[in-house]
Number of protein chains: 2
Amino acid sequence: MAAKRTKRNQDEHRFLEQYDADAFERLSVSVDVSLLTQVGGELRVFLVRRDEHPFRGQWSLPGGFVGVDESLEAAARRVLRDKAALEGVFLEQLFTFGQPDRDPRTRVLTVAYYALVDWSRLAELPTGSDAALATLHVPFAGETGGPVDVTVDGEPLLVAFDHADIVGMAIKRLRGKLDYAPIGFQLLPERFTLLQLQQLHETVLGQQLNKDSFRRRMLQSGMLEATGEREKAVGHRPAELYRFVHRSAI
Amino acid sequence: MAAKRTKRNQDEHRFLEQYDADAFERLSVSVDVSLLTQVGGELRVFLVRRDEHPFRGQWSLPGGFVGVDESLEAAARRVLRDKAALEGVFLEQLFTFGQPDRDPRTRVLTVAYYALVDWSRLAELPTGSDAALATLHVPFAGETGGPVDVTVDGEPLLVAFDHADIVGMAIKRLRGKLDYAPIGFQLLPERFTLLQLQQLHETVLGQQLNKDSFRRRMLQSGMLEATGEREKAVGHRPAELYRFVHRSAI
DNA sequence: AAAATAGTGTCTATGAGACACTATAGT
DNA sequence: ACTATAGTGTCTCATAGACACTATTTT
């Protein structure tokens, strides 16, 4: 029995040594990251201007090809580091887009990720001719999934490839997870008021929420922890600052 | 202005003609399908026995490499047709698994799909030495996401690659979508009783459900349509048969 | 004092769970 | 008649929304 197993392993070892990786055609694989943030009641996405063909001059999600020995998430984090100078942010796989004609160069399959950050971590990024924090205009309040309109100061941007679809799916995912996953706090500073949290939810969901029940739901969820501190210099009674608590059990 | 745009297009055209697809390393890309079904209060997955290295003799999800001009979903449907003789079934992208060492041959990234079918469409499949409908033993009732135990007649099967993880994620996705998406009926025959539907939900979720509120929820959801027919020869009052109605709105 | 938002207490409407009861098939 | 499940009606409890009211800060 032991001998048999050993023989098998030798078989497999020999097979692997002789394996021809080109036995099947290989594809170019990239990652593209929808880096989302929120400010002033608007959702924004970080875009870079393409300075090379194809779609030269148009705007696209930050992305890059996946290295042969690089995991998908590592590739996405590398892209965030190189193009947006960000590390340690929330990042999750979104969907893999693989229509054969989605890239005019050659077959390029892209594994889309989405990332969430507080506005303060993006505000200092140099934007202008080569990068932009574009405002998202999402079709309608409920579901989306389709492409999204993208503007800067009200002017529409041309979005390259199928990246407008990718951003649309990112918004849809964010909306879907907001209510049952501790995901919203990724878009807020470390300490925040309940009103800020509610306004964030309203921005993401695209609809007004009831103040009373929102408060109750959030405080009962056990995800929030009062800090004892209060906001300052606000021209009215200051609200308590809360912090998200990462619970081990559910 | 028109001239400028034309020049641009010529530029881009020339660029594309000269593009070297090997400028970046390419990867092998496969699809793997978790084909799930349900019978007798158990969830089952369709597995095939590998007759080639690596993992020869072990069991894996039906899968295949993606052709250069083939969309991902087309590849998944091809796999279902070739390995399970199925067409026109529910199929949805699940997740892309891309750990560099997940395949001992070479870097193989796999786009996982999951498919759902009524048991009657799988019962006639020849299983035995080369294919099996394995019973799934899911860790615990709530969430999963980790690997899943797979048995046939109580005997555990060796599952190749990271396919046990893939099946685990498929179950998790199915559980998550069951309550808010018209997805459960994919696992039932065309006409079914409310009790059958409830037992399906109990099987998938791994927990008992309240009969009264389950009835109410389902009937109020607008997803069900009474057929006027009743089940026959059941040794007790026969239940009405329902059909799922595909709504355009919502 | 006025303005503005924070935060509390309570009433009401809605949906889930529990339970009792009636209905209808096969045996 | 007996058994087993289908299906209905009603009560209770938990939660969301609505609304009134009090609290606390800056100007």
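Lettering follows sequence order; numbering is per chain, from 1. Basis for what follows: all heavy atoms, side chains included, without hydrogens, waters or symmetry-related copies.
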Give the rounded distance in Å between these two atoms: CD of Gln198(B) and P of dA16(C). 14 Å
Can you tell me if Gln186(B) uses its side chain to pair, donor with acceptor, with the backbone of Val117(B) under 3.5 Å? no
Take atom CG of Leu224(B) and atom P of dG7(D), then tell me their distance rounded to the nearest Å. 12 Å
With DNA chain D as reference, determine whether Lys232(A) or Arg217(A) sits nearer its 5' end, using the nearest nucleotide of each. Arg217(A)
Between dA18(C), dA6(D), dT25(D), which nucleotide gets closest to the side-chain atoms of Pro238(A)? dT25(D)
Leu209(A) CG to dT15(D) P, straight-line distance once rounded to whole Å: 19 Å
Tell whether Arg237(A) reaches the base of dA4(C) with its side chain through a donor-acceptor pair below 3.5 angstrom. no
Aromatic ring proximity, centroids under 6.0 angstrom, Phe192(A) and Phe185(A): no
I want to verify a distance call: between dA6(D), dA20(C), dG7(C), whose nearest atom is closest to the Glu231(B) side chain? dA6(D)
Side chain of Ala239(B) only, heavy atoms from C-beta on: which candidate in dT8(C), dA4(C), dA6(D) is closest? dA6(D)
Val89(B) and Arg121(B), any side-chain heavy atoms less than 4.5 Å apart: yes
Is the base of dG7(D) touched by the side chain of Lys211(B) through a donor-acceptor pair closer than 3.5 angstrom? yes
Atom-to-atom span, CD of Gln220(A) to C1' of dA14(D) - whole angstrom: 10 Å
Please give, in whole Å, the distance from dA6(C) P to Phe192(A) CZ? 14 Å
Whole-Å distance separating the CG atom of Asn210(B) from the P atom of dA16(C): 10 Å
Whether Gln196(A) side chain and Thr193(A) backbone form a donor-acceptor pair below 3.5 Å: yes
Would you say dA6(C) has OP1 or OP2 under 4.0 Å from some side-chain N or O of Arg230(A)? no
Any idea which of dA4(D), dG17(C), dG7(C) is nearest the Ser213(B) side chain? dG17(C)
Using whole Å, what does the distance between atom P of nucleotide dA16(C) and atom CG of Leu219(B) come to? 12 Å
Of all the nucleotides listed (dG7(D), dA18(C), dG17(D)), which has the minimum atom distance to the side chain of Arg216(B)? dA18(C)
Judged by each residue's nearest nucleotide on DNA chain C, which is more toward the 5′ side, Glu240(A) or Phe214(B)? Glu240(A)
Which of parallel (below 30°), tilted (30 to 60°) and perpendicular (above 60°) describes His201(B) and Phe214(B)? perpendicular
What's the CG-C1' distance between Asp212(A) and dC21(D), to the nearest Å? 12 Å
